[in-house]
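Everything below concerns the one structure shown next.
Numbers restart at 1 for each chain; the letters A, B, ... are given by sequence-line order, proteins then strands.
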Amino acid sequence: MLESILERLSEAQREAVTHVEGPLLILAGPGSGKTRVVTHRIAYLLARGVSDAEILALTFTNKAADEMRNRLAQLAPGNRVWLGTFHRFCAQQLRRHAPLVGLKENFSILDARESQRVVQEVVEKLQLQHALISPESIGRAISNAKGEAITHHAYQAARFDPASQILVQVYPEYARRLLAANAADFDDLLMHFVTILRENPELRAEYDRRYRFIMVDEYQDTNLTQYSIARALSIDHPNLAVTGDPDQSIYGWRGADLNNILEFEHDFPRVRVVRLERNYRSTRSIVDAAQALIERNRRRKAKTHYSEKEQGPPVRVVQYPDGQTEARSIAGSIRDQITNGGCAASDFAVLYRVNSLSRVLENAFREYGLAFQIVKGVEFYSRQEVRDIISYLQLLNNPANDVALKRIINTPARGIGATTVKHLEDFAEQAQLPLWEACRRSGTIDGIAPRSALQVVRFVALMDNLHACLTHPVSSLVHAVIEDSGYSTALRDSHDPSDQDRLSNLHELVTAAREFEEHSTLDPTLENFLEQTALVNDTDDLQAGEQVTLMTLHAAKGLEFDAVFIVGVEQGLIPHRRRDADADRDEEEERRLLFVGMTRARSALQLSFAGRRSLHNKSETAIPSPFIFDLPRDLIEFSTASADLPAGAAEGLFDPASSAGSGVDDEYCQEPGPDEPYFELDGERNTRRGDRPARPGGGPASISTAAELFQLPQAFPESSPGSAAAHESSAAVDTAGGQAGRNGQDGTAFQIGSWVAHPDYGTGQIVWRERAASLEFVKVRFCDNPKLRRFAVKHSPLRIVAGPQSE
DNA sequence: ATTCGCAAAGTTTTT
DNA sequence: CTTTGCGAAT
């Protein structure tokens with residue numbers, strides 16, 4: 001049993017897997033088999049007799065949790081280890097102990113927009129509008145404070161800082177409103193749990209005992225609050241194992257604190273540190289170039305990435321005259337390699353720093369008739385119409401939820417205007433009642449016209465009727481809300497074509513509810529469904545189909561592709577120029593971002609920059625990113641592409657296995673000529689960067705307040721390494737976070753470029769695909785109409801008439 | 001109460 | 001250039 005878990009692990013991997021007691025830090029470089037190690041370690045603990053109820057595995061994203069769960073299920077079928085996101089874990093615990101922080105167990109979870117809305121209201125109410133400090137930045141500041149476990153009681157304004165002067169007023173009122181609405185924002189889920197642990201030592205000890213073995217994934221992304229949770233549960237039983245990679249920390253801007261991982265050894269003395277440095281994913285050229293880049297960072301832990309795969313072709317660095325040429329050339333190259341090089345579209349990814357760069361690429365890909373998908377951030381559950389219906393459900397579940405009530409009291413329009421709502425609010429505030437109770441008393445409130453009061457009464461009756469449906473299955477309740485609220489009628493009667501999309505999204509919500517009933521491991525209650533919709537986003541699934549993937553560098557984390565293009569590697573883009581351009585700290589994070597992007601590639605990698613870049617329709621001269629100069633000359637191949645591409649010409653990124661083929665036909669891809677190269681990748685400039693002055697900062701990281709919150713005991717059991725017979729079979733080729741299609745829908749039929757027929761609109765061509773809530777959507781341009789129409793493939797009468805063709 | 005029009009802004013993103 | 005939000009007008 002133990003043997004079978006340990007076979008096919010490298011020595012370093014095995015060391016991590018067999019570590020049982022005591023703190024463990026796994027520094028896992030890209031492609032080093034991290035997920036494999038985590039899942040195998042859990043399986044190993046189980047095999048050694050640890051009860052599955054004693055193990056807690058925390059991740060940041062549902063995607064990571066799903067992947068781990070699936071892989072663990074294969075190693076330890078039927079296990080009941082708690083494995084999931086921080087937020088879900090905390091939400092569940094918070095339900096149990098809600099009264100300890102002034103909530104009730106049926107509290108609602110506000111999404112980012114809703115909580116921002118509340119911030120805005122508070123700012124207006126307190127008359128704190130400030131010319132330079134936007135409500136958004138105040139919201140961010142509150143979120144940051146919560147990410148450091150600073151409650152509104154504890155928050156102190158820095159004396160002369162105008163932003164914190166405002167915050168010190170807004171934060172408490174914001175917190176008060178959320179409590180009054182029996183609601184928590186995302187950050188609250190974690191912070192309230194920390195508060196509970198902090199104020200209830202016996203409860204903390206109980207949790208500590210209950211979860212004797214804790215694992216935290218992507219530890220470099222933890223903020224102080226998350227750190228505090230992990231730490232609080234690892235005092236009496238400090239068997240905390242974290243995996244992470246400081247070099248892949250790219251979320252500092254959202255509160256992730258690199259110190260948590262850099263100081264782990266300090267916070268947990270006698271920690272075992274395992275470095276997974278071998279990269280099983282990429283060729284040596286790629287790994288070595290990425291290593292050279294990341295070595296320039298100072299705030300990191302020494303770690304040398306290496307590969308024992310073949311050398312592979314050098315990393316290509318290409319200069320294009322402008323962004324359009326860049327896009328076309330890449331599209332041409334990919335098309336060429338698909339038609340001549342035997343590659344599949346799904347082998348390729350194009351990465352960029354900012355979403356706005358996707359547009360040129362989109363156009364070029366369309367022009368070249370390539371199937372592609374853009375991974376974007378609009379989540380199904382945050383669409384307006386979906387959010388509206390969810391608000392009805394939230395109000396049914398938690399009548400105190402004023403945020404939800406205000407959202408839907410007049411959606412769809414039912415004659416309850418701003419004035420009426422204002423009166424209701426005033427009354428509610430005066431009487432210290434939820435808005436909902438004010439609605440019940442609308443007839444008795446001064447200032448509300450009888451006609452308006454009647455409408456409110458009808459709204460109350462509507463909700464009361466729906467309330468009677470609470471005993472029905474969630475999906476029928478959702479259906480009832482959509483129908484009885486008048487929402488579906490309003491959409492059906494609308495002349496705005498996009499309202500039809502909205503309607504199909506709502507049908508999809510019913511389907512999601514049904515799937516939840518049938519497949520969820522949780523009780524299919526309304527409350528659990530609401531939690532699901534708040535904490536899960538359905539679009540982090542990539543489609544599997546045959547298409548090139550376009551996405552931001554951030555979105556690429558955890559994925560891998562045979563060939564990767566990174567575009568716009570220019571000053572101002574990578575590193576990105578910010579408003580408050582501060583410090584090396586940011587530059588290092590940007591370098592890590594490029595490092596993450598580069599290490600997505602298995603066998604071919606190209607970085608490119610342009611001489612001119614038009615962004616927001618302004619064309620400006622562009623200068624190559626300084627990071628380009630960090631790459632060692634002997635690992636890269638530099639070339640310049642000229643402006644006038646022969647249509648359809650392509651350069652080879654791959655040296656295809658048969659490098660003779662259509663590999664590098666350099667019609668517009670020459671070595672930089674002697675005639676004043678605009679840009680020269682020169683050894684001298686390259687080395688000069690090496691000896692720049694040492695940074696003064698970087699001092700000892702201040703030890704987090706969490707250390708004061710939760711003291712560690714002086715001693716804990718000596719770690720006992722499992723004595724597994726070590727025979728090396730280092731064939732462990734694992735793709736950490738490797739992405740496989742696990743969506744049901746087959747991607748072959750409805751492709752970009754396919755011709756389809758519709759009974760009403762005639763024939764048209766698919767120009768866009770997307771996926772939301774396990775449903776596939778396409779946009780179609782019909783012959784007689786320039787306007788795009790969007791359809792849910794499953795529900796639409798579309799019929800394929802011809803395969804993909806370029807226009 | 002809805003609709004229209006104009007102004008302003010425009011990193012990255014999970015939960 | 002595009003999107004989004006707010007304010008004025010009907």
For [X] and [N], what is the distance between atoms [atom1] and [atom2] respectively, to the nearest whole Å?
X	N	atom1	atom2	value
A:Arg140	B:dT12	CZ	P	13 Å
A:His554	B:dT15	NE2	P	15 Å
A:Leu110	B:dT14	CG	C1'	16 Å
A:Lys618	B:dA9	NZ	P	12 Å
A:Asp187	B:dT15	CG	C1'	9 Å
A:Ile250	B:dT14	CD1	P	11 Å
A:Arg254	B:dT11	CZ	C1'	13 Å
A:Lys557	B:dT15	NZ	P	12 Å

Side-chain N,O (A:Asn62) to OP1/OP2 (B:dT14) below 4.0 Å: no

A:Asn355 side-chain N/O to B:dT13 phosphate OP1/OP2 under 4.0 Å: yes

Sugar-phosphate, base or nothing in reach of A:Phe86, heavy atoms under 4.0 Å: nothing

Residue pair A:Glu425, A:Lys406: steps toward the salt bridge (charged side-chain N to carboxylate O under 4.0 Å, His left out) verdict: CA-CA 10 Å; A:Glu425 275 188 288; A:Lys406 270 186 275 185; 3.0 Å; yes

A:Phe89 and A:Trp82 aromatic ring geometry - parallel, tilted or perpendicular at 30°/60° bounds: perpendicular

Aromatic plane relationship, A:Tyr219 with A:Tyr227 - under 30° parallel, 30 to 60° tilted, over 60° perpendicular: tilted

Test item: side-chain donor near acceptor, A:Arg492 and A:Ser488, under 3.5 Å: yes

Residues A:Gln571 and A:Ser625: side-chain donor-acceptor under 3.5 angstrom: no

With A:Gln455 via side-chain contact (heavy atoms from CB on, under 4.5 Å) - residues at least two apart: A:Ile416, A:Arg458

Return the nearest nucleotide to the side chain of [X]; candidates are [options].
X	options	value
A:Ala555	B:dT11, B:dT15, B:dT13	B:dT13
A:Glu590	B:dT13, B:dT15, B:dT11	B:dT11
A:Thr552	B:dT12, B:dT2, B:dT15	B:dT12
A:Val354	B:dT12, B:dT15, B:dT13	B:dT12

Position toward the 5' end of DNA chain B (nearest nucleotide), A:Thr419 or A:Leu593: A:Thr419

Near-parallel close stack of A:Trp253 and B:dT12 base (under 5.5 Å, under 30°): yes

Centroid distance under 5.5 Å and plane angle under 30°, A:His576 vs B:dT11: yes

Sequence-aligned protein contact record of nucleotides 1-10 of chain C, with B where the base is within under 4.0 Å of a protein heavy atom and S where only the sugar-phosphate is: S---SS----

Salt bridge present between A:Arg366 and A:Glu362 (N-O < 4.0 angstrom): yes

C1' atoms of C:dG5 and B:dT12, separation to the nearest Å: 23 Å

Any donor-acceptor N/O pair, A:Asn297 side chain to A:Arg300 backbone, under 3.5 Å: no

